[in-house]
Structure formats: C-alpha cells, structure tokens
There are 2 protein chains.
Amino acid sequence: MQQLKAIGYTEYEAKSYVSLVKSGTVTAYQVSKNSGIPRARIYDILKSLIEKGLVLKEEKIDGTVYSPLPVDVFLEKAQSNWQKNYQNLSNKLKQLETTEESPDNQILILKEKTTIISYCRMLIRKAEKRIIISLWDDMYEEMREELEEVAEGVQIQGITLHVDHPIKTVDLHRITHFTEAPTSKRWFVLSIDAKEMIYGSYVNDCELAFYTNDQVHIYLLEDYVWHDVLVNRLVKRNKDNLEQWISEERKKFFMEDGFVEK
Amino acid sequence: MQQLKAIGYTEYEAKSYVSLVKSGTVTAYQVSKNSGIPRARIYDILKSLIEKGLVLKEEKIDGTVYSPLPVDVFLEKAQSNWQKNYQNLSNKLKQLETTEESPDNQILILKEKTTIISYCRMLIRKAEKRIIISLWDDMYEEMREELEEVAEGVQIQGITLHVDHPIKTVDLHRITHFTEAPTSKRWFVLSIDAKEMIYGSYVNDCELAFYTNDQVHIYLLEDYVWHDVLVNRLVKRNKDNLEQWISEERKKFFMEDGFVEK
DNA sequence: TTTTAGTTACCATTTTGGTAGTCACTATTT
DNA sequence: AAATAGTGACTACCAAAATGGTAACTAAAA
C-alpha cells in the first residue's frame with residue numbers, strides 16, 4: 001500500500017492496517033497470516049500501530065484481538081493532521097522567504113513532473129496580459145482549470161494537440177503523420193506576459209523543463225509557437241496573397257497594436 | 001523543520017531547503033555554511049532535492065548556484081501531491097472495509113490524541129437523537145464545529161468546564177477549588193444516542209480513551225454526567241421541595257417522555 | 001594565508017525488513 | 001492414546017538500507 005507509506009507508515013505497518021481493515025477484528029496471529037508479515041514481528045508492529053492510534057486492542061478472556069481504526073475515522077485523522085502540518089509549514093516558509101528580485105537572464109532547470117506542473121500553474125495565475133502556449137493533451141489537462149480561470153482577463157494564444165475543448169482563442173494543431181508518431185518528441189511552451197516562460201520536454205518522458213526570464217529565449221520560443229500556429233492556419237486557408245495575410249495574422253497574434261487592457 | 005520531515009524529507013533536506021528559502025540563490029558552499037550541514041554532504045543532498053524538484057540548479061561561468069523552488073510553488077506542489085495520495089487511499093480503503101456488525105459489549109482502547117479526537121468527531125456526525133457530553137474547554141474546542149453543526153437536529157445535553165460560549169442546551173460547571181486545581185484529574189464523556197460512547201482521561205494527559213457500546217457502561221456514565229449536572233443546578237437553585245424538582249429535571253434531561261423527533 | 005568551492009572516502013546509528021527457534025495449548029488424524 | 005498439525009504468543013537475533021556525521025585532500029580566489 002504505497003499511499004500509506006507516503007504518509008509515514010512502514011511497509012509492515014501499512015500491510016497490517018490494510019489486513020485488519022479487510023478482516024475486521026482478529027487475533028495477531030491472523031493478521032500475520034493474512035498480511036504475510038512474519039509472526040515474530042507482528043506483535044511489535046501492532047504495538048506501534050496502537051501507539052499511533054491506528055489499531056485498537058481488546059483483551060478478552062480467551063486472548064487478545066485487534067481491530068482497525070474505522071476507515072472514516074482514520075481518514076479524518078489523516079486529513080486533520082495534514083491540515084495542521086500544512087498550515088504550520090505554509091506560515092513558516094512564507095515568513096522566511098526573502099523577496100529578492102530575481103535577476104534577469106536566468107535559466108533554471110526544473111525537474112520532477114509535479115514540480116513542473118505546479119510551477120506552470122503558479123505562473124498562469126500570475127499572468128496579467130497574455131499567455132502563449134503550445135501544449136499536448138495530457139499537459140493541457142493538468143492546467144486546464146487554471147487556464148480557464150484566467151481566460152477572461154488574459155489573452156490566451158497558441159496551439160494545442162489532441163485537446164478536446166481547449167480555450168476558444170487557441171488553435172488546434174492539424175493531425176499529421178508526425179503528431180501521431182508515438183516516438184516523436186514532445187515539447188511544451190508556456191509563456192507569461194512575455195516576461196517569464198517554462199518550456200521543456202514532455203511530462204511523461206524524462207521530466208525536464210526550463211524556466212527563463214531571458215528575453216532572447218522568450219522571443220525565440222514565442223516565435224517558434226507562432227510559426228507553428230501560422231503553418232497550421234496556412235494549411236487550413238490555402239489561398240493566394242499570403243504575404244499580407246501572414247503579417248496581419250502575426251499582428252493579431254502578438255497583439256502588437258490595438259490591444260486594450262480590460 | 002519538523003513539518004518538512006513530516007511530509008517525507010530528511011533533516012538535511014529540510015535544513016537545506018529552508019536555508020535556501022532564507023538566503024535565495026547561493027552556492028552550495030553557502031548552503032552548507034548557513035544550514036550547518038557538513039560541506040562533505042551538501043552536494044549529494046542538493047542533488048537529491050533537485051531530483052525531487054525542490055531545488056533548482058543554475059550553472060554559471062563562475063560556478064554553480066542553487067535556488068529554492070519558490071515557496072508558493074512548493075506549497076501548491078505539496079498540496080496537490082497530498083490530494084492525489086489521499087484520494088487514492090480513501091478509495092482503496094473504503095473498498096476494502098468489510099462492514100461487519102460490531103458485536104455488543106465492546107470496550108476498545110483508543111490511544112493517541114488525534115485518534116481520539118477524530119473518533120469523537122465521527123461519532124458526533126453520526127448522532128441522530130441525543131448527545132450527552134462532559135467536556136473541558138480545550139477538548140470542547142476540538143469538536144466545537146461538529147457539535148454546532150449537528151445541534152439543530154440533535155439534543156445536546158451535559159456539562160462543560162471553562163468553555164466560553166458552548167451550545168445553549170448544556171450546563172456550565174460552577175467554578176470550585178476542585179475544578180481550578182491544576183493537578184485534578186480531568187475526564188471527558190461523549191455519549192451518542194445512548195448507543196455508543198467515548199470516555200477517557202484528558203487529551204493533554206496520557207492520551208487514553210475508551211470506546212464502548214456496552215449498555216451498562218453507557219448507563220453508568222450518562223448517569224454520572226447527569227449527577228454532575230444535577231448538583232450544579234441544585235447549587236444554583238438552592239430552594240426547598242427538591243425531590244420533585246430533581247425528578248422533573250431528570251426527566252427533562254434524559255427526555256424520557258415528550259420528546260418528538262424532528 | 002584564510003576563505004571559498006568542490007570532492008572522495010569513510011563511519012556510526014537507527015530504522016526497517018527478515019530469520020530462527022521456543023513454549024503452550026487445541027483440534028484432528030491415525 | 002499417541003502423533004501431528006494448527007493456532008497464539010514471544011525472545012533474540014541479523015542484514016540491509018537510510019541517515020547523520022567525520023577526516024582529509026585539492027584548488028582557486030581574496
């Protein structure tokens with residue numbers, strides 16, 4: 001039971017509790033049998049679980065039996081523990097944090113899927129004017145909520161792949177042999193107000209991304225997304241007098257004029 | 001930083017991250033100095049934090065510097081991790097739980113403060129008719145929310161000590177030399193529909209309590225609370241023809257007649 | 001020459017998972 | 001009736017892994 005280990009219990013403790021939840025009130029011997037924990041260890045493990053309040057002991061005339069803390073009680077306990085701990089942590093860390101101005105031209109390496117996603121979500125919430133994205137479906141779903149939340153006050157431009165109902169203002173990538181190849185490398189780009197940006201390889205792969213506030217990087221990658229959008233629109237359009245049309249489209253995309261803040 | 005250890009980081013990891021949050025972007029050497037972690041260990045620790053996405057590495061021409069993941073991003077990450085894990089756990093455990101009828105005449109031993117409190121909260125939420133309590137202030141505060149929530153549909157009787165604004169239907173214990181003595185032993189009682197009950201020594205002490213569904217225990221302890229209430233009311237009243245008055249009061253307290261369910 | 005920066009190679013302790021073997025009592029098979 | 005298998009309870013270890021902690025060495029910069 002991986003989830004129980006994640007909240008601080010050992011493998012044996014997790015197995016014991018789960019076994020007890022399955023079986024109800026039984027003897028220690030039975031717990032050992034059901035859970036596969038060596039008989040010799042079951043008593044000290046149950047003891048530690050009793051100390052932690054996860055298991056209830058009942059001494060009867062004909063021996064001792066153990067019951068699991070009811071699941072709903074356990075969940076309530078776990079939740080309120082977490083809440084307290086989180087509140088504490090939050091307060092302390094926020095007090096400590098020195099709000100130094102982050103220097104320009106930074107490129108930070110982000111690792112670990114949940115870190116990358118959390119960072120993206122924070123940035124989206126911070127956006128004030130324009131967000132440019134290039135996202136595949138699973139990544140989009142991870143930040144759908146945040147995007148839809150800010151969509152009213154912020155222009156969201158860009159392209160999505162395989163996403164079912166993205167924000168109306170973004171383009172949908174046409175299906176090509178390239179986008180369908182399972183081996184093709186997937187990248188994503190998320191640019192916030194042309195000031196900050198996260199881009200990287202795709203979450204399911206090696207879980208690596210970069211944060212930057214460097215203007216050159218931002219320009220290049222925004223343009224990269226723009227070209228992707230452009231080609232896509234061209235294919236759809238397929239007409240003449242492309243040149244002027246492209247420049248108009250580009251202006252509209254980047255909102256280089258006529259954009260009025262709400 | 002105890003809170004960080006509680007969510008799975010080691011002491012060194014916690015110290016490193018906290019130090020980085022305090023100092024902002026610095027070299028590994030500085031982290032070691034600020035946090036008190038031996039220089040010889042700081043590199044592998046930062047490495048592990050980078051893998052976990054808590055620390056960002058930046059390699060510059062004149063050396064490598066490390067930044068903490070911004071506190072708000074970290075908190076969002078921690079929260080969403082917890083949420084996922086909790087959801088999983090909740091589903092799995094609820095599926096496993098066999099809803100065997102708990103036998104009568106149980107007396108279970110509850111240990112650990114948060115376990116006791118969580119159990120009390122669950123019982124209060126389950127109450128349908130009548131709750132009888134005998135609670136000191138700190139314990140009352142732990143379950144104030146739950147009590148006030150069910151107060152409309154459920155009769156709440158009993159006595160509280162030192163509680164500021166308890167439910168109107170409960171009595172306030174008079175201040176005596178006994179209630180004020182810091183050494184006096186504190187007990188609490190919580191009886192739900194005269195079917196289930198938790199009673200025990202007080203949370204700040206040895207953190208031991210008992211759950212029972214045994215009718216005898218419940219009768220005895222409910223009566224014990226009743227006597228406490230009664231004596232209290234007597235002192236306030238201090239009149240004659242007490243006998244009849246007591247029996248009337250008792251009836252009202254236990255709602256032995258005339259109680260209509262809502 | 002002290003401070004900063006980076007690295008290798010250990011070691012001790014604690015936690016955790018896992019084994020062996022003992023004792024007593026009960027139920028069942030031979 | 002004796003032998004056997006299963007249940008229930010407990011002591012004493014042991015090995016591996018994780019974690020905290022030390023010594024010492026290099027090399028540049030201040």
Side-chain angles (χ1 to χ4, degrees), chain A residues 1-20 22-68 109 112, chain B residues 1-20 22-68 103 108-109 112:
Chain A
M1 192 54 105
Q2 208 48 48
Q3 287 82 6
L4 280 169
K5 280 175 100 173
I7 52 175
Y9 299 100
T10 68
E11 199 176 310
Y12 279 177
E13 288 174 335
K15 279 185 183 168
S16 296
Y17 180 66
V18 169
S19 162
L20 271 169
K22 275 189 210 164
S23 64
T25 303
V26 290
T27 65
Y29 182 89
Q30 286 301 325
V31 176
S32 157
K33 248 189 84 176
N34 298 335
S35 63
I37 295 167
R39 253 197 317 297
R41 298 296 315 285
I42 203 66
Y43 297 95
D44 57 322
I45 288 157
L46 286 174
K47 199 179 156 197
S48 87
L49 283 175
I50 288 164
E51 291 309 314
K52 292 175 185 174
L54 267 208
V55 166
L56 315 173
K57 191 176 178 177
E58 204 178 352
E59 281 169 43
K60 291 190 169 178
I61 337 99
D62 56 341
T64 313
V65 288
Y66 300 84
S67 312
I109 299 163
E112 219 266 330
Chain B
M1 192 55 107
Q2 209 47 48
Q3 287 81 6
L4 280 169
K5 280 175 98 173
I7 53 176
Y9 299 100
T10 68
E11 199 176 312
Y12 279 176
E13 288 174 335
K15 279 185 183 169
S16 296
Y17 180 67
V18 169
S19 162
L20 270 169
K22 275 190 209 165
S23 64
T25 305
V26 289
T27 64
Y29 183 88
Q30 285 300 327
V31 176
S32 156
K33 250 190 80 177
N34 298 335
S35 63
I37 295 166
R39 251 199 318 298
R41 299 296 314 285
I42 202 67
Y43 296 95
D44 57 322
I45 287 156
L46 286 174
K47 201 178 154 197
S48 88
L49 282 175
I50 288 164
E51 291 310 315
K52 292 175 185 174
L54 267 208
V55 167
L56 315 173
K57 192 176 177 177
E58 203 178 352
E59 282 169 41
K60 291 189 169 178
I61 338 99
D62 56 341
T64 312
V65 289
Y66 300 83
S67 312
L108 297 178
I109 299 165
E112 219 265 331

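Letters A, B, ... are given to chains in the order of the sequence lines, protein chains preceding strands, and every chain is numbered from 1. Below, all heavy atoms of this structure are taken into account, side chains as well, without hydrogens, waters or symmetry copies.
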With no hydrogens and no angle check, just 3.5 Å: does a side-chain donor-acceptor pair link A:S19 and A:S35?
no
Which nucleotide wins on minimum distance to the side chain of A:R41, given the candidates C:dG17, D:dG20, D:dA9?
C:dG17
Check the side chains of B:S48 and B:E13 for a donor-acceptor pair under 3.5 angstrom, ignoring hydrogens and angles.
yes
B:E11 has an atom CD; how far is it from atom C1' of D:dG20, in whole Å?
8 Å
Should we say atom CD of A:E58 is surrounded by more than 12 heavy atoms from elsewhere, each under 6.0 Å from it?
yes
Please classify the nucleic acid contact of A:T64 as base, sugar-phosphate, or nothing, using heavy-atom distances under 4.0 Å.
sugar-phosphate
Expressed in angstrom and rounded to an integer, what is the separation of A:I42 atom CD1 from C:dT16 atom C1'?
14 Å
Search all heavy atoms of B:A28 against all heavy atoms of B:I42 and return the closest pair with its distance.
O-CG1, 3.7 Å
Tell me the interatomic distance from A:K5, atom NZ, to D:dA17, atom C1', rounded to whole angstroms.
12 Å
Rounded to whole Å, how long is the line connecting atom CG of A:D44 with atom C1' of C:dG17?
11 Å
Interatomic distance where NZ belongs to B:K15 and P belongs to D:dT19 [whole Å]:
15 Å
Are A:E11 and A:K15 ion-paired here, with the side-chain N under 4.0 Å from a carboxylate O?
yes
I need the CG-C1' distance between B:D62 and D:dA30, as an integer number of Å.
15 Å
Taking only the side-chain heavy atoms of B:T10 (C-beta and beyond), determine which of D:dG20, D:dC10, D:dG8 contains the nearest atom.
D:dG20
Does OP1 or OP2 of C:dG6 have a side-chain N or O of B:Y43 closer than 4.0 Å?
yes
Residue-phosphate contact under 4.0 Å: A:Y29 side-chain N/O, D:dT7 OP1/OP2
yes
Residue A:A28, side-chain heavy atoms: nucleotide from D:dT22, D:dG8, D:dA9 that is nearest:
D:dA9
Atom CZ of B:R39 and atom C1' of C:dT4 are separated, to the nearest Å, by 9 Å
Using whole Å, report how far NZ of A:K33 lies from P of D:dA5.
15 Å
